[in-house]
Amino acid sequence: MGEHAVVYGYPAFAIPLLSTPVIVKIKQSENNSLISKYYAGKIEQIPDSLAGVKFLIGLLDKEMNNNHVNYTISIDSGLPIERGMGSSAAIACAITRAFFDFFDQKLDHQTLLNYVNKSETVTHGKASGLDALTVSSEYPIKFSKDEAPKAFTFNSEGFIVIADSGVKGKTKETVADVRKMYDENTKVIGAYLKQLGDYATDANKYLNQGNLKQLGLVFSLANEILTKLNLAIPKTDKLIDAANLAGSLGSKITGGGRGGCIICLARNLTNAQMIQKALIKNGAEQTWIQPLSIYAEDSDFD
């Protein structure tokens with residue numbers, strides 16, 4: 001909650017997808033190469049679509065590889081890239097951790113965040129830092145420019161259902177376009193962004209109360225604002241309509257918009273599975289279900 005608004009200093013929060021890991025392995029080899037489902041080949045020839053990854057590998061190599069060791073990096077990720085799910089930040093986080101492990105160096109959390117944010121800036125332009133914080137945490141993160149980021153827990157039932165539209169999001173483009181709209185009509189667009197920030201605050205409150213009905217309503221209201229900011233496309237609209245007809249308490253775009261994923265709120269597992277079925281029927285490429293209960297302070301999720 002709070003995407004785009006967070007760039008303008010308003011509150012936002014995000015939750016880590018604990019059940020969907022990104023695994024990066026590095027082993028010594030004859031040539032410097034990358035193996036992933038996005039690209040396989042020499043590191044020096046990594047395409048522009050993975051510019052952030054290429055930059056990060058180059059930076060880590062320059063700062064740590066004093067003996068010029070050759071290596072192969074393998075990336076195994078269940079997250080699609082360019083879908084507003086923090087995939088690029090998760091990959092950058094895993095690459096950084098793998099490098100420090102490979103070269104037997106200690107890594108503190110702030111150093112990790114610094115590397116991930118540098119990679120994210122190359123990938124998306126100006127990065128808020130929220131994705132880096134979220135993918136490196138086991139708990140949800142509250143974030144705003146005026147306050148230090150803070151991890152939090154909540155006791156809430158219900159489930160979130162995420163669906164990949166199959167359309168690549170355009171975060172760099174949408175952030176620039178919202179900025180242009182804001183500069184041209186600060187009063188109206190500024191009010192929309194403030195409303196998104198207010199909805200993030202409301203959603204956080206309803207999570208803490210376990211008030212799923214009101215939380216779902218805020219999801220839908222936030223989606224209306226995101227649509228007014230020209231961030232919706234017919235495919236995500238179709239998925240949101242399908243989810244709501246299947247009993248979602250509320251659904252919204254998540255991430256930069258104009259593609260990517262939607263996130264829906266379900267009362268229980270049966271409701272979540274009904275929503276998931278409707279999303280697949282209406283063209284979702286991938287879906288994920290995650291219980292909200294795993295973010296409780298006493299959760300035994302592993």
Side-chain angles (χ1 to χ4, degrees), residues 1-15 83-86 124-131 134 140-147 160-165 167 169-209 211-245 248-266 275 279:
M1 291 290 294
E3 51 269 271
H4 287 282
V6 69
V7 178
Y8 298 81
Y10 294 109
F13 76 87
I15 57 176
R83 300 293 202 278
M85 288 182 69
H124 297 305
K126 185 179 180 182
S128 69
L130 181 57
D131 280 358
T134 306
I141 298 289
K142 293 179 187 176
F143 186 87
S144 75
K145 284 189 174 180
D146 299 330
E147 297 178 15
I160 54 171
V161 185
I162 303 163
D164 175 13
S165 69
V167 179
K170 303 174 179 65
T171 301
K172 206 168 189 174
E173 177 185 300
T174 57
V175 168
D177 285 354
V178 170
R179 170 61 68 180
K180 185 179 178 183
M181 292 166 65
Y182 177 80
D183 290 341
E184 291 175 353
N185 194 347
T186 302
K187 185 176 180 180
V188 172
I189 303 304
Y192 288 158
L193 294 167
K194 181 182 183 302
Q195 192 69 67
L196 286 174
D198 290 344
Y199 287 149
T201 300
D202 290 343
N204 185 255
K205 177 178 71 176
Y206 295 135
L207 270 175
N208 286 317
Q209 294 175 351
N211 191 335
L212 295 179
K213 186 176 180 180
Q214 285 299 118
L215 178 62
L217 177 60
V218 171
F219 269 38
S220 295
L221 290 171
N223 193 68
E224 289 178 10
I225 299 293
L226 294 168
T227 300
K228 289 177 180 178
L229 291 173
N230 193 29
L231 299 170
I233 60 169
K235 183 65 179 288
T236 51
D237 283 345
K238 181 181 180 182
L239 292 174
I240 285 171
D241 288 344
N244 292 340
L245 284 170
S248 172
L249 294 170
S251 309
K252 64 183 286 290
I253 301 163
T254 182
R258 292 189 201 152
C261 293
I262 68 159
I263 183 168
C264 316
L265 184 65
I275 294 166
L279 289 166

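Computed from heavy atoms alone, side chains included, the values below leave out hydrogens, waters and symmetry copies. All residue numbers in this chain count up from 1 along the given sequence.
For the atom pair Thr236 OG1 and Ile233 CD1, the distance stands at 4.5 Å (nearest 0.5 Å). For the atom pair CD1 of Ile141 and CG of Asp131, the computed distance is 11.5 Å after rounding to the nearest 0.5 Å. Here the CG atom belonging to Leu239 is positioned 9.5 Å from the SG atom belonging to Cys261, to the nearest 0.5 angstrom. Once rounded to the nearest 0.5 Å, the distance linking CG of Asn211 with OH of Tyr206 reads 7.0 Å. For the atom pair Thr201 OG1 and Met1 CE, the distance stands at 9.0 Å (nearest 0.5 Å). The line from CD1 of Ile275 to OG of Ser248 is 4.5 Å long, rounded to the nearest 0.5 Å.
Across all their heavy atoms, Ser165 and Gly260 have their closest contact at OG-O, 2.6 Å. Scanning both residues, His4 and Thr174, for their nearest heavy atoms gives CE1-OG1, 3.5 Å. Considering all non-hydrogen atoms of both residues, Gly256 and Leu231 come closest at O-CD2, 3.5 Å. Residues Leu249 and Ala266 approach most closely at CD1-C, 4.3 Å, considering heavy atoms.
Inter-residue side-chain proximity for Tyr10 and Leu193 is flagged as met; some heavy-atom pair is nearer than 4.5 Å. For the pair Ile15/Ile160, a side-chain contact is recorded, criterion being any heavy-atom separation below 4.5 Å from C-beta on.
A salt bridge (Lys or Arg N to Asp or Glu O under 4.0 Å) check over residues 248-263, counting only residues at least two apart or in different chains, returns the pairs Glu3-Lys252, Glu173-Arg258, Asp177-Arg258.
Here Lys194 pairs with Asp198 under the salt bridge (charged side-chain N to carboxylate O under 4.0 Å, His left out) rule; sequence neighbours left out.
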Enumerate, atom names and distances included, each donor-acceptor pair closer than 3.5 Å involving a side-chain atom of residues 212-229, sequence neighbours excluded.
| from | atom 1 | to | atom 2 | distance (Å) |
| --- | --- | --- | --- | --- |
| Asn223 | OD1 | Ile253 | N | 2.9 |
| Thr227 | OG1 | Asn223 | O | 2.8 |

